[in-house]
Amino acid sequence: MKTISRRELITKLRGFGFDGPFSGGKHQFMIKSSLKLRIPNPHGSRDISYPLLKEILRQADISTEDWESDNA
C-alpha cells in the first residue's frame, strides 16, 4: 500500500458504499449505514500517509486486500 491523495481516498470510499463527504465540526466525514468515518482535511498537495490510511481503513472495516483490489 502507498500514500494516496484525499481525492483518491474519497473516490475509493464511495466505491465501498460510503456517501459524502459532508461538513461537520473540524473534519468532514463520510457515512455508510450507521458508520460515520472522519476523513482528513485537505492540506495543500500533501498525500495521506500509509499509517493514517491504515487507520482509516481499520475504522471503515475495510481490509487491505479489499482496498488494493480493483473491485472498488
Side-chain angles (χ1 to χ4, degrees):
M1 206 164 24
K2 59 182 178 80
T3 61
I4 189 171
S5 72
R6 184 174 187 274
R7 179 172 286 163
E8 289 174 292
L9 173 70
I10 291 169
T11 300
K12 286 200 77 164
L13 286 173
R14 285 181 180 153
F16 281 96
F18 283 85
D19 292 320
F22 303 103
S23 295
K26 295 181 180 182
H27 292 276
Q28 291 185 330
F29 62 92
M30 296 184 77
I31 295 176
K32 179 179 179 182
S33 299
S34 63
L35 178 62
K36 185 176 179 180
L37 181 67
R38 283 184 291 153
I39 58 172
N41 291 323
H43 295 288
S45 62
R46 292 190 322 188
D47 284 345
I48 296 167
S49 68
Y50 170 73
L52 180 54
L53 177 58
K54 192 172 176 182
E55 177 61 21
I56 291 169
L57 295 180
R58 185 191 66 76
Q59 292 176 13
D61 197 26
I62 300 171
S63 72
T64 305
E65 294 80 23
D66 287 343
W67 183 259
E68 292 178 343
S69 74
D70 295 329
N71 296 335

Considering non-hydrogen atoms only, spot the tightest contact between [X] and [Y] and give its length.
X     : Y     : value
Gln28 : Ser23 : NE2-OG, 4.1 Å
Asn41 : Arg6  : C-NE, 3.8 Å
Ile4  : Leu9  : CD1-N, 3.7 Å
Met30 : Pro21 : CG-CA, 3.9 Å
Pro40 : Ile48 : CG-CD1, 4.0 Å

Please check if any side-chain donor atom of Ser5 sits under 3.5 Å from a side-chain acceptor atom of Glu8, or the reverse. yes
All ring pair (Phe, Tyr, Trp, His ring centres under 6.0 Å) counterparts of Phe18, not counting sequence neighbours: none
Using modelled atom types only, decide if a donor and an acceptor are shared between the side chain of Lys32 and the backbone of Phe16 within a distance under 3.5 Å. yes
Given side chains that start at C-beta, do those of Leu37 and Ile31 come closer than 4.5 Å, heavy atoms only? no
Please examine the side chains of Leu13 and Trp67, heavy atoms only from C-beta on, and report whether any two atoms are closer than 4.5 Å. yes
Interatomic distance, Lys12 atom NZ to Leu53 atom CG [nearest 0.5 angstrom]: 8.5 Å
Under 3.5 Å donor-acceptor pairs involving side-chain atoms of residues 56-63, not counting sequence neighbours:
unit_1	atom_1	unit_2	atom_2	d
Arg58	NE	Glu55	OE1	3.2
Arg58	NE	Glu55	OE2	3.4
Arg58	NH2	Glu55	OE2	2.6
Gln59	NE2	Glu55	OE2	2.9
Ser63	OG	Asp66	N	3.0
Ser63	OG	Asp66	OD2	3.2

